[in-house]
Amino acid sequence: MTVLTHPDTRPRINSVASDDLNEAERERIRAKSALFAPPEARLEDGRRDLVGMSREELAALMTEIGEKPFRAKQIWHWIYHQGATDFSKMSTIAKPLQAKLAEHFIVGRPTTTTEQTSVDSTRKFLFRFRDGQEAETVYIPDRKEDRGAVCISSQVGCTLSCTFCHTGTQKLVRNLGPAEIVGQFMAARDSYKEWPSPSADMPRFLSTIVLMGMGEPLYNYDNVAKAMRIIMDGEGIALSRRRITLSTSGVVPMMDRCGEELGINLAISLHAVTNELRDQIVPLNRKYPIEELMAACRRYPAASNSRRITFEYIMLRGVNDSEADARELVRLIKDMPAKVNLIPFNPWPGSDFKPSTREQLAKFAKIVMDAGFASPIRTPRGQDILAACGQLKTESERQRKTA
């Protein structure tokens, strides 16, 4: 790939002016997000899906059907703690109410189109939603302990067009709703039979969530935030905010809101240390350049020495992997509670990039580590099952067209 270099002559917005513009920019982002709104979580027969509803919405629905609001707490327990999908199995609820609930509601899951388990135990799901759209979820087990991360999608497709990313070749179709986001984790739990929710002092096989699947979660913030609040609720799935990481390419105005409202861990898809290069391979940088991104990271309220910001850096041969790049990366994150994940590029058909050599990966990592930052080189997982983000969905679409 040819990488252009040129002086960066864009006007920079000072921090005060940026703060003044942030609220207006957040509203613009939310308005654009509304154009890609998910369909209502309702079946053709009129029944509504209870998954993805807040406690308050659930209580209001009980009132609508003539029941006391406290019933919402019982149902919440069965849905999110026990993992029940059949009202008749909710044994603390009287049979007449079970029948009434079944008449008006469902407890849904996305349909599993494909489920594959790699030789390294990575498991990948392709889920289909009610309108026929599909998104991917991956479970990545820890190599040493009985735990692992569930990588969840937030959109069908993506709007960012990062040049190294396979999902970036798939246009944004729509946002996922809260039921579809929570449903991915719940369906993965179904697969591993990890119900009821383990208590705080018990080990969890599905122990963490990373919002690193298809899509830019901060361009679907309201739905993502609602889903994460449900997952963090202590009387249900009860995952701690310390166990959830949101990965963004740098939607700066929404980073502040995420930190203030959710306080979950933050990961930044950085991938370049100059605006000139990042403009090309992460086009969002043209709107929110590196200086503004780093400033937002430094103000992220959940960041601390015990909860470091993760910088994801995909290693592209001859593009962003020089020793000079490593030293500039160290300068950018200086005095920040941070770690760096170095990610070997996973080639895909049509891409012009090549992975960095092992020797160059090691040189880069040493510079970052010598500066005091952890910089593990991520081991590729699930290559035999197309576990790179976006590959399984593309393969599914290709097979349907061929058929």
Side-chain angles (χ1 to χ4, degrees), residues 1-3 5 118-122 138 140-145 147-149 151 162-166 168 208 210 212 245 247 249-250 265-278 280-282 285 290 293-294 297 303 305-348 351-389 391:
M1 176 183 175
T2 302
V3 177
T5 58
S118 168
V119 294
D120 65 17
S121 297
T122 298
V138 181
I140 307 167
D142 189 279
R143 291 185 178 276
K144 298 179 181 178
E145 301 182 42
R147 64 182 186 184
C151 182
C162 298
T163 56
F164 54 81
C165 178
H166 193 266
T208 58
V210 289
M212 295 182 183
T245 299
S247 177
S249 292
N265 300 321
L266 184 68
I268 302 296
S269 295
L270 187 61
H271 310 309
V273 294
T274 66
N275 283 314
E276 291 79 11
L277 177 58
R278 199 164 188 267
Q280 294 174 66
I281 66 174
V282 186
N285 194 74
I290 287 175
L293 175 57
M294 292 297 122
C297 289
N305 288 329
S306 63
R307 299 178 65 193
R308 296 169 292 177
I309 292 176
T310 299
F311 289 90
E312 298 164 317
Y313 198 94
I314 196 159
M315 298 290 286
L316 305 171
R317 188 188 305 181
V319 176
N320 66 350
D321 63 349
S322 70
E323 289 94 321
D325 289 318
R327 287 189 287 271
E328 178 61 12
L329 174 58
V330 167
R331 188 194 69 79
L332 284 175
I333 63 176
K334 183 181 178 182
D335 302 325
M336 193 185 301
K339 71 173 184 178
V340 178
N341 274 347
L342 300 178
I343 308 169
F345 174 65
N346 187 13
W348 44 271
S351 172
D352 294 329
F353 295 107
K354 296 180 180 179
S356 299
T357 63
R358 288 186 180 180
E359 179 185 21
Q360 198 60 30
L361 268 168
K363 288 180 180 178
F364 196 104
K366 185 176 187 303
I367 291 171
V368 179
M369 285 190 291
D370 286 350
F373 297 97
S375 56
I377 297 171
R378 186 182 295 174
T379 303
R381 305 289 296 275
Q383 290 182 317
D384 57 315
I385 57 167
L386 300 172
C389 187
Q391 287 186 330

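Counting begins at 1 with the first residue of the sequence. As the structure is a computational prediction, the values presented were derived from the model and not from experiment.
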**Message:** Suppose we screen for salt bridge (Lys or Arg N to Asp or Glu O under 4.0 Å). Which residues come up paired with R358, at least two apart in sequence or across chains?
**Reply:**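 With neighbours one apart ignored, the set is empty.
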
**Asked** Taking only residues two or more places apart in sequence or in another chain, which ones pass salt bridge (Lys or Arg N to Asp or Glu O under 4.0 Å) with R147?
**Response** D142, E145

Minimum heavy-atom separation for [X] and [Y], please, with both atom names.
X	Y	result
A149	V210	CB-CG2, 4.4 Å
L277	T274	N-OG1, 3.2 Å
R278	S249	NH2-O, 2.7 Å

**Asked** Any donor-acceptor pair under 3.5 Å linking the side chain of Y313 with the backbone of N320?
**Response** yes

Partner residues of [X] under the side chain to side chain contact (heavy atoms under 4.5 Å, CB included) criterion, sequence neighbours left out:
X	answer
S351	F345, W348, F353
E323	R327, Q360, K363, I367
A365	L342, M369, S375, I377
A371	V330, F373

**Request:** Taking the side chain as every heavy atom from C-beta outward, state whether T163 and D352 have any atom pair closer than 4.5 Å.
**Result:** no

**Prompt:** Is there side-chain contact between P337 and I309, with at least one heavy-atom pair below 4.5 Å?
**Reply:** no

**Prompt:** Going through the checks in order, is the side chain to side chain contact (heavy atoms under 4.5 Å, CB included) test met by T208 and T245?
**Reply:** CA-CA 8 Å; T208 58; T245 299; over 6 Å; no

**Prompt:** Looking at N285, I281, V282, I314, which hits side chain to side chain contact (heavy atoms under 4.5 Å, CB included) with C162?
**Reply:**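 Answer to the side chain to side chain contact (heavy atoms under 4.5 Å, CB included) test with C162 among N285, I281, V282, I314: V282.
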
Excluding sequence neighbours, so at least two apart, what forms side chain to side chain donor-acceptor pair (under 3.5 Å) with [X]?
X	result
E312	S247, S269
D325	S322
D370	K366
N265	R307

Gap between atom [atom2] of [Y] and atom [atom1] of [X] - 0.5 Å precision:
X	Y	atom1	atom2	answer
I140	T379	CD1	OG1	11.5 Å
L332	L270	CG	CG	7.0 Å
I268	N341	CD1	CG	12.5 Å

**Prompt:** What residues, two or more places apart in sequence or in another chain, satisfy ring-ring contact (aromatic ring centres under 6.0 Å, His included) together with F164?
**Reply:** H271

**Fill in**
For F311, the ring-ring contact (aromatic ring centres under 6.0 Å, His included) test, sequence neighbours excluded, returns none

